[in-house]
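What follows is a set of notes on a single structure, which appears directly below.
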Amino acid sequence: MSKETAAIENRTEDMDRTILVPIDDSEQSREAVAVAATDFNDAELIVVRILKPFVVMSVTESAVWDDEFMNRRKREAEQLLEDYRELATEYGADVRTELVRGAPIRSIISISDEFDVDHIVMGCTKKRSISRLFLRLFTNRTLGFTPVSASVTVVCPTN
């Protein structure tokens, strides 16, 4: 082994790994956090909840104009992040949470750069409903733009 190869291997072993796990309130996200916490047990997990802004022209409900509505969404996201923090901690993971507002794919890429993320773990499903189809499409599209390696955990339907 050359001196250069040994130096690279030593740097890699000494590096702290950072794993990004974008979440929502789904079984797929819970599985992604569990996989990240167990498969990357030496890494810091960054569990992120991205609040997608409303497109005002597409929303007809007057409640979206209300500050209380946005505050409620923020509180719900913060509680969800706390739930995921507890889940990751149960697996012994070093975890931090982030709440971000923005377009999901753009936010994931931005967070990857900002926190020098080494890997992304995302959840996906094999269910065939239309909402799950969109989740798979979103996951695939996100993976096409990520600047780092990524893993997808697949949750099979129980029924």
Side-chain angles (χ1 to χ4, degrees), residues 9 11-55 58-59 64 69-159:
E9 285 181 6
R11 270 199 316 259
T12 305
E13 289 173 10
D14 293 339
M15 286 176 27
D16 292 328
R17 296 180 67 184
T18 305
I19 308 299
L20 178 65
V21 188
I23 57 107
D24 58 15
D25 189 15
S26 69
E27 179 184 350
Q28 295 79 22
S29 289
R30 291 193 184 288
E31 182 67 19
V33 169
V35 166
T38 55
D39 288 0
F40 301 96
N41 59 4
D42 61 334
E44 175 189 28
L45 300 185
I46 299 177
V47 177
V48 64
R49 174 67 170 124
I50 301 166
L51 288 180
K52 184 177 174 182
F54 284 109
V55 177
S58 69
V59 178
V64 299
F69 180 80
M70 292 307 291
N71 289 336
R72 187 172 54 247
R73 283 187 72 209
K74 183 180 176 192
R75 285 191 307 271
E76 290 168 354
E78 288 169 343
Q79 181 58 53
L80 185 63
L81 285 169
E82 186 56 35
D83 293 346
Y84 279 98
R85 176 193 305 278
E86 290 173 12
L87 175 64
T89 302
E90 287 175 16
Y91 287 104
D94 177 22
V95 63
R96 77 189 264 175
T97 59
E98 296 289 332
L99 177 60
V100 176
R101 292 175 195 242
I105 295 173
R106 194 170 297 137
S107 295
I108 290 169
I109 293 167
S110 175
I111 292 164
S112 296
D113 291 339
E114 181 180 344
F115 292 108
D116 199 22
V117 168
D118 298 301
H119 191 77
I120 299 171
V121 178
M122 295 180 69
C124 193
T125 184
K126 283 192 170 189
K127 290 183 180 177
R128 300 210 184 272
S129 70
I130 194 73
S131 63
R132 296 305 170 205
L133 174 63
F134 285 123
L135 174 63
R136 282 199 317 268
L137 291 173
F138 169 76
T139 301
N140 290 337
R141 185 159 183 226
T142 302
L143 295 177
F145 289 103
T146 60
V148 297
S149 63
S151 299
V152 177
T153 62
V154 178
V155 177
C156 295
T158 55
N159 40 338

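Worth knowing before you read on, the calculation uses all heavy atoms, side chains too, and leaves out hydrogens, waters and symmetry mates.
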Exercise. Side chains of Val21 and Ile120: closer than 4.5 Å at any heavy-atom pair?
Worked result: no
Problem set entry | Nearest atoms (heavy-atom pairs only) where Ala88 meets Ala37 | O-CB, 4.3 Å
Problem set entry | Value rounded to 0.5 Å, distance of CZ in Arg49 from OG1 in Thr97 | 13.0 Å
For this session: Any chance you could measure Leu87, atom CG, to Leu45, atom CG, to the nearest 0.5 Å?
Result: 10.0 Å
Exercise. Can you find a heavy atom in the side chain of Leu80 that is under 4.5 Å from one in the side chain of Ile23?
Worked result: yes
Exercise. Is a donor on one side and an acceptor on the other found under 3.5 Å between the side chain of Ser110 and the backbone of Arg106?
Worked result: no
Exercise. Under 4.0 Å between a Lys/Arg side-chain N and an Asp/Glu carboxylate O for Lys74 and Glu76?
Worked result: no
For this session: Measure the CD-CG distance between Glu114 and Leu20 for me, rounded to the nearest 0.5 Å.
Result: 11.0 Å
For this session: Could you tell me whether the side chain of Ile19 reaches within less than 4.5 Å of the side chain of Ile46, counting heavy atoms only?
Result: no
Exercise. By side-chain hydrogen bond (donor to acceptor under 3.5 Å, both in side chains), which residues pair with Asp83, not counting sequence neighbours?
Worked result: Gln79
Seminar exercise, completed: Contacts of Glu82 meeting side-chain hydrogen bond (donor to acceptor under 3.5 Å, both in side chains) (sequence neighbours excluded), chain-then-number -> Arg85
Problem set entry | CG on Asp94 to CG on Asn41, rounded to 0.5 Å | 11.5 Å
Exercise. Judged by atom type as modelled, is there a donor-acceptor pair below 3.5 Å linking the side chain of Thr89 to the main-chain atoms of Gly92?
Worked result: no
Problem set entry | Test log, rule side-chain contact (heavy atoms from CB on, under 4.5 Å), inputs Phe40 and Asp118 | CA-CA 11 Å; Phe40 301 96; Asp118 298 301; over 6 Å; no
Problem set entry | Side-chain (Ser112) to main-chain (Ile108) donor-acceptor, under 3.5 angstrom | yes
Exercise. For Arg96, does the CZ atom sit with more than 12 other heavy atoms under 6.0 Å from it, leaving out its own atoms?
Worked result: yes
For this session: Might you work through the side-chain contact (heavy atoms from CB on, under 4.5 Å) test for Leu99 and Glu78, ending with a clear yes or no?
Result: CA-CA 7 Å; Leu99 177 60; Glu78 288 169 343; 4.0 Å; yes
Exercise. Quick one: does NZ or CZ of Arg30 land under 6.0 Å from the six-membered ring centre of Tyr84, within 45 degrees of the ring axis?
Worked result: yes
Exercise. Rounded to the nearest 0.5 Å, what separation is found between the OG1 atom of Thr18 and the CZ atom of Phe115?
Worked result: 9.5 Å
Seminar exercise, completed: Closest heavy-atom pair, Ala32 versus Gly123, reported as atoms and distance to 0.1 Å, is CB-N, 3.7 Å
Problem set entry | Straight-line distance of Ile50 CD1 to Ile111 CD1, nearest 0.5 Å | 5.0 Å
